[in-house]
Amino acid sequence: MSSSLPNQKKILVAVVGVGLVGSELISQLLSIPSSVSPFKLISLTSSSRTLSADKASPIEANAAWKSLLAASSATADLKQVTARLTQLVAEGERVALVDNTSSEDVAGLYPVWLGAGINVVTPNKKAFSGNAELFAQILDASKTTGAKFLNEATVGAGLPIIAPLKELLATGDKIIKIEGVFSGTMSYIFNNFSTGKPDGPTFSSVVAVAREKGYTEPHPADDLNGFDVARKLTILSRLISSAPSATPSSLPSLQSFESVQTASLIPPALEGIPTGDEFIARLPEFDEHFDKLRIEASKENKVLRFVGVVDVAGGQVKAGLEKYPIDHPFATSLGGSDNIVMFHTERYSPRPLIVQGAGAGAAVTAMGVLGDLLKLA
């Protein structure tokens, strides 16, 4: 957290997206006593409404903001929100917009906001893992105006992954490889399916239980395709490649997350199944395949884990199922749906820097977003 100067203006905050994460963020932000808070909450935008407050009388902790937002006559017009925030910047105010959505359309506005001097804080992966041209525009806009974009929560929710990586790079450390279990869903599935023993619950039953507990998307194929991991790897890879360095990065230039070498776990016969219920009903047909993989791993005293790797030394970015020894941290340290990430660097070698903990959930994701906001303070 940065230290605010005594006479420094408070940051005017606009929040777009007030769902699970957005609501939790608002709660956490407003829980900071106003006497010491570096923020003034002046705008909330849902999918249909916008609630605006004057900077002299911002939204306070005791305000029934959900009711006020629902009753607002102002529609959700991001052009109007942008115009208002741009005017505030022109008046010399410090302004930050928080995007809690997963919308590509909202992500596409980041260059506009940054170009207007509006800081952007977000857990939305789309802008940083999608089209390379949009990412380049974000970098250019930020460099031109000095407005910052902060996206810690895009990779590990509240886990410190992006900030440590930035510091490693900024202080001249050389990244050799980053590897980790980046998906809480995949973590839960393989922590329960593969324990080092040759037998255990069937793959389909573990996926079904994960779905019942809310660890998977309604359609489990949206997790098993590995795209969520590929997006996170794209974010980390681009961060490394875009960092100032005396030597060019050997990492591939990723046009989007689809450029990552991703080994999907969806059986080919189940590709395109329209509903999650049908997918779960047919998944047992392929239990034998996954049983064989588990048996093979057990014979080698290993476990199966779905990992993502940014191999800087080898010039590779990939996601897929790998085998790890039963005494490896990926086998021994993980529980539930935890994430774990290992940074292999020149300084952190031969023992890597390890970050582990809950990598999903509204509370920790909102914490990651608020942590980024505090970096602006």
Side-chain angles (χ1 to χ4, degrees), residues 9-32 34 37-127 134 137-138 141-142 145 147-151 153-154 362 365-366 368-370 372-374 376-377:
K9 287 185 176 181
K10 292 194 175 189
I11 298 170
L12 307 182
V13 178
V15 174
V16 176
V18 295
L20 285 175
V21 173
S23 295
E24 178 64 25
L25 170 69
I26 294 164
S27 174
Q28 290 183 18
L29 189 150
L30 293 178
S31 72
I32 304 173
S34 58
S37 176
F39 309 116
K40 288 184 178 182
L41 185 58
I42 62 161
S43 177
L44 301 176
T45 300
S46 68
S47 57
S48 59
R49 294 280 181 270
T50 290
L51 173 65
S52 297
D54 189 85
K55 63 183 179 182
S57 54
I59 299 166
E60 301 283 0
N62 58 357
W65 66 264
K66 289 185 179 180
S67 300
L68 293 170
L69 178 59
S72 173
S73 60
T75 57
D77 187 337
L78 289 182
K79 286 185 178 180
Q80 288 186 2
V81 172
T82 301
R84 182 189 178 205
L85 299 183
T86 301
Q87 179 58 37
L88 288 169
V89 172
E91 294 171 5
E93 299 291 348
R94 304 164 71 213
V95 179
L97 186 143
V98 181
D99 169 24
N100 293 307
T101 75
S102 58
S103 165
E104 290 195 23
D105 290 339
V106 177
L109 292 172
Y110 294 179
V112 175
W113 291 329
L114 292 165
I118 301 165
N119 300 290
V120 175
V121 176
T122 184
N124 185 350
K125 302 178 187 69
K126 299 294 170 62
L134 173 59
Q137 291 171 355
I138 289 170
S142 176
T145 66
K148 295 179 180 178
F149 63 90
L150 295 166
N151 60 329
T154 58
T365 301
V369 176
L370 182 55
D372 274 347
L373 274 172
L374 287 166
L376 296 172

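The basis for the numbers below is simple: all heavy atoms, side chains too, and nothing from hydrogens, waters or symmetry mates.
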Return the minimal non-hydrogen interatomic distance between [X] and [Y], and the atom names on each side.
{"X": "Pro123", "Y": "Asp99", "answer": "CD-O, 2.9 Å"}
{"X": "Ile138", "Y": "Ala127", "answer": "CD1-CB, 3.6 Å"}
{"X": "Glu24", "Y": "Ala362", "answer": "CG-O, 3.7 Å"}
{"X": "Ser142", "Y": "Ala147", "answer": "OG-O, 2.6 Å"}
{"X": "Leu373", "Y": "Ile11", "answer": "O-CD1, 4.4 Å"}
{"X": "Asn124", "Y": "Ser103", "answer": "ND2-O, 3.1 Å"}

All N/O donor-acceptor pairs, side-chain side in residues 85-92, below 3.5 Å, sequence neighbours left out:
| residue | atom | partner | partner atom | Å |
| --- | --- | --- | --- | --- |
| Thr86 | OG1 | Thr82 | O | 2.7 |
| Gln87 | NE2 | Glu91 | OE2 | 3.2 |

Ring pair (Phe, Tyr, Trp, His ring centres under 6.0 Å) partners for Phe39, two or more places apart
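Not a single residue meets the ring pair (Phe, Tyr, Trp, His ring centres under 6.0 Å) criterion with Phe39.
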
Nearest 0.5 Å, please: how far is [atom2] in [Y] from [atom1] in [X]?
{"X": "Leu370", "Y": "Thr365", "atom1": "CG", "atom2": "OG1", "answer": "12.5 Å"}
{"X": "Ser102", "Y": "Lys126", "atom1": "OG", "atom2": "NZ", "answer": "4.5 Å"}
{"X": "Ile59", "Y": "Leu51", "atom1": "CD1", "atom2": "CG", "answer": "4.5 Å"}
{"X": "Ser37", "Y": "Leu374", "atom1": "OG", "atom2": "CG", "answer": "8.0 Å"}
{"X": "Ser43", "Y": "Arg84", "atom1": "OG", "atom2": "CZ", "answer": "6.0 Å"}
{"X": "Leu78", "Y": "Thr101", "atom1": "CG", "atom2": "OG1", "answer": "8.5 Å"}

Over 12 non-hydrogen atoms of neighbours within 6.0 angstrom of NZ in Lys148
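For Lys148, atom NZ is not crowded (no more than 12 foreign heavy atoms under 6.0 Å).
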
Near Leu20 CG, under 6.0 Å, is it more than 12 heavy atoms from other residues, nucleotides or ligands?
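Check fails, neighbour count at 12 or below.
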
Show the numbers, then the answer: is there a side-chain contact (heavy atoms from CB on, under 4.5 Å) between Trp65 and Ser23?
CA-CA 10 Å; Trp65 66 264; Ser23 295; 3.6 Å; yes

Judged by atom type as modelled, is there a donor-acceptor pair below 3.5 Å linking the side chain of Lys40 to the main-chain atoms of Ala56?
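Looks like no, no N/O pair under 3.5 Å.
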
Side chain Ser72, main chain Ala74, donor-acceptor under 3.5 Å:
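Looks like yes, one N/O pair under 3.5 Å.
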
When you look at Thr145 and Trp113, which way does the side-chain contact (heavy atoms from CB on, under 4.5 Å) test go after all the steps?
CA-CA 10 Å; Thr145 66; Trp113 291 329; over 6 Å; no

Test side-chain contact (heavy atoms from CB on, under 4.5 Å) on Leu12 and Arg94; report intermediate values, then the result.
CA-CA 6 Å; Leu12 307 182; Arg94 304 164 71 213; over 6 Å; no

Considering the options Thr45, Leu44, Asn100, Thr122, which one meets the side chain to side chain contact (heavy atoms under 4.5 Å, CB included) requirement together with Val16?
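It is Thr45; the other options fail the test.
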
